[in-house]
Every structure is written in structure tokens, then in C-alpha cells.
Amino acid sequence: MTDGPAGNAPRPGRPTATVRRSGTAQQGASQLRILAISGSLRQDSFNTRLLRALPPLAPEGMEIEFFDGLGEVPLYNQDLDVADCPEPVRRLRTAIAEADGLIIASPEYNGSIPGVLKNAIDWASRPMATSALLGKCVVTMVATPGRGLGRNALTDLGRVLHGCHAFVISGPWVHLSEAPAKMEDAEGEDGEATTVLTDPMTRRLVDIQLTSLQQAVKEEAGRHAVVPLLPFIQPRR
């Protein structure tokens, strides 16, 4: 596993799912709202800390919000996938649907993505014709305490999202190896705990990925990911 020695332990006293704003971007009609999701539930997750480090590095006109509630989403069950679906699922779907784009940072567990993240994607991808992930532009990242892991998680996450007809930004990806040596904890302007990326190459890759995400959203690149699905979801004439 790549997200730290404590594994995937749930955060103690985890609050009700919320979408938290970074508090660093100015509000405006043209502001892009990007939702950041960590694939780990661990309180001091390297991937969650990586996401916290992104707002100061975001391009002008981008606001990054954080979804805090993956641990509340139940295991996917089609019997529950009805109009009156579980409230944590509704919050997840709404948060993704209302965002202009996504950033997902995932650890690698046993050579792939964590079950909690795959479960969230399964819920968000339903129902297919109105999926919150349809045409959504997504940046994927991974943070790991070691050197050799993380690539499988990036590959599998991209493959799963592609199967959901999301538009995944291509590499070079942010693959933060030896994460403890490349991040420092700090206090944000709002007094909340945050993280600072100290590695110049990682900061450069973040800039490339977030700028590419901004461009993809503005150019509606996500529509290309949906084209193969249109014959199945559009009414026949």
C-alpha cells in the first residue's frame, strides 16, 4: 500500500460529507469550480495532503473545492440505486455534477485503486444516461511514500474513468514518490492546516496538469469522451 504506514484507517469523528472551498480563489462569473477527491480515508493521507497543496498552485480563474464524505458512501447495491438513493450518494453525485472538472488523488492498494474510490466511481457513473461523470474532465494523481509504486493505480484509475466516458487529462502525471520528503505541513491564511509542495519538479507537473485541465474544460474537451455513447442515450428520431 502506498498511502502511509497506518493503511486506510477511517478518520476519527469524521463529519457529515461536505464540499469545502479552498478559500484562496476570488469569486467570479467565469471561475472554474474544480472538485478534489482523495481516494484515501486516512486522516494524514499523503494523497489528501497533496490535494491540500494544490490551491496556491492553481491557475488564475480556478477554484478548488474538497469533497469530504467518501467514507459515508455505502457499498454499491443496485437495489438502493433508485430515485430516492442514499443521501451520501446524492451528495457525491451532486458535487461531481456541479463541478466543472475533477482532481482525483489515489493511493495504490494491492496493485490497484482502493475499494472506497472504485465504489464511489461506481455510484457516480449511474445511471449511465445521466451520469455525473459523463464528459467530465479529470486530472488523476498519486502520492506514495516509496519509489516503485503508484503507476498501477494511475493506470487503473484512468481506465475506469475512461469506461465511464470521462475525459482524463494525459501525462506527464503527478506521481509524487517519496512523498514525506517533498511535502511540508503549514497553516493556511484561514488558519486551517494545509500542505506545501517543496519539490520543484512536482510543482511543475501540477502546473502542467491544472493548466491542461483548465484548457480542456474551457474547450469542452469532455464532449469527445461522450460521442461513442450518444447513439445509446439520445432519443431515436
Side-chain angles (χ1 to χ4, degrees), residues 8 10-11 14-22 31-41 45 47-48 51-52 54 62-107 112-141 153 156-169 213-214 216-218 220-230 232-235:
N8 198 27
R11 178 180 298 184
R14 195 172 186 85
T16 301
T18 56
V19 175
R20 298 180 290 108
R21 292 185 175 180
S22 65
Q31 198 80 13
L32 289 185
R33 295 176 59 242
I34 304 301
L35 185 69
I37 299 175
S38 173
S40 174
L41 303 183
S45 158
N47 287 275
T48 302
L51 292 177
R52 289 176 185 158
L54 300 184
M62 177 182 290
E63 178 184 18
I64 298 176
E65 303 175 345
F66 303 91
F67 183 79
D68 184 13
L70 236 58
E72 301 169 16
V73 177
L75 292 176
Y76 183 79
N77 181 343
Q78 196 167 3
D79 291 337
L80 301 178
D81 195 2
V82 293
D84 188 22
C85 66
E87 181 61 19
V89 172
R90 186 197 64 78
R91 286 195 295 264
L92 173 67
R93 287 173 170 171
T94 299
I96 293 175
E98 292 181 349
D100 296 306
L102 301 178
I103 304 170
I104 301 177
S106 173
S112 189
I113 59 176
V116 66
L117 179 57
K118 178 58 165 61
N119 182 62
I121 293 173
D122 288 344
W123 275 112
S125 68
R126 305 276 297 184
M128 182 181 69
T130 57
S131 164
L133 291 170
L134 278 182
K136 194 70 66 175
C137 295
V138 188
V139 159
T140 58
M141 302 180 174
D156 284 357
L157 180 55
R159 177 176 54 82
V160 170
L161 290 169
H162 179 75
C164 298
H165 296 274
F167 182 86
V168 182
I169 304 299
L213 176 62
Q214 183 182 54
V217 171
K218 289 183 176 180
E220 299 183 348
R223 70 183 187 278
H224 299 297
V226 185
V227 169
L229 197 58
L230 293 181
F232 301 97
I233 62 177
Q234 287 183 336

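All values below were derived from every heavy atom in this structure, side-chain atoms included, with hydrogens, water molecules and symmetry-related copies excluded.
Side-chain atoms of H165 do not come within 3.5 Å of backbone N or O of G135 as any donor-acceptor pair. Remark: side-chain polar atoms of S106 are not paired, donor with acceptor, to backbone N or O of A153 under 3.5 angstrom. Under a 3.5 Å cut-off, the side chain of S125 and the backbone N or O of I121 do form a donor-acceptor pair.
Between E87 and E72, the closest side-chain pair of non-hydrogen atoms is not below 4.5 Å. Residues L70 and L92 have side chains in contact (heavy-atom distance under 4.5 Å, counting atoms from C-beta outward). Looking at heavy atoms from C-beta onward, F167 lies out of side-chain contact with H162 at the 4.5 angstrom threshold. Between S40 and P114, every side-chain heavy-atom pair lies at or beyond the 4.5 Å cut-off.
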Worked check of salt bridge (Lys or Arg N to Asp or Glu O under 4.0 Å) between D122 and K118: CA-CA 6 Å; D122 288 344; K118 178 58 165 61; 2.8 Å; yes
Can you list the steps and then say if Q214 with I34 is a side-chain contact (heavy atoms from CB on, under 4.5 Å)? CA-CA 9 Å; Q214 183 182 54; I34 304 301; over 6 Å; no
Verify salt bridge (Lys or Arg N to Asp or Glu O under 4.0 Å) between R93 and D81, making sure each step is shown before the conclusion. CA-CA 12 Å; R93 287 173 170 171; D81 195 2; 2.9 Å; yes
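Scanning all heavy atoms of the two residues, the minimum distance from A97 to K136 falls at O-NZ, 3.3 Å. For the pair A129 and L134, the tightest heavy-atom approach, listed with the atom from each and the gap, is O-CD1, 3.5 Å. When all heavy atoms are compared, the tightest approach of I113 to L117 is CB-CD2, 4.4 Å. Nearest heavy atoms, V116 versus G39: CG1-O, 3.4 Å. The minimum heavy-atom distance linking V168 with G158 is given by the pair CG2-O, 4.1 Å. Shown here for P74 and V89, the closest heavy-atom pair between the two residues is CD-CG2, 3.9 Å.
Expressed to the nearest 0.5 Å, how far SG of C85 lies from CH2 of W123 amounts to 6.5 Å. Remark: R223 CZ to C137 SG distance equals 10.0 Å, nearest 0.5 Å. With values rounded to the nearest 0.5 angstrom, M141 atom CE is found 4.5 Å from L54 atom CG.
With a 6.0 Å radius and a threshold of 12 heavy atoms from other residues, nucleotides or ligands, D84 has its CG atom at or below the threshold. Within a 6.0 Å radius of NE2 in H224, other residues, nucleotides and ligands contribute more than 12 heavy atoms.
The side-chain contact (heavy atoms from CB on, under 4.5 Å) test with T140 singles out one residue from I169, L157, V160, and that residue is L157. For the side-chain hydrogen bond (donor to acceptor under 3.5 Å, both in side chains) criterion with S38, the lone passing option out of D68, N47, T48 is T48. The side-chain contact (heavy atoms from CB on, under 4.5 Å) test with V138 singles out one residue from L161, L213, I96, and that residue is L161.
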Which pairs of donor and acceptor atoms, one on a side chain in residues 98-105, lie under 3.5 Å apart (sequence neighbours left out)?
residue : atom : partner : partner atom : Å
D100    : OD2  : R33     : N            : 2.8

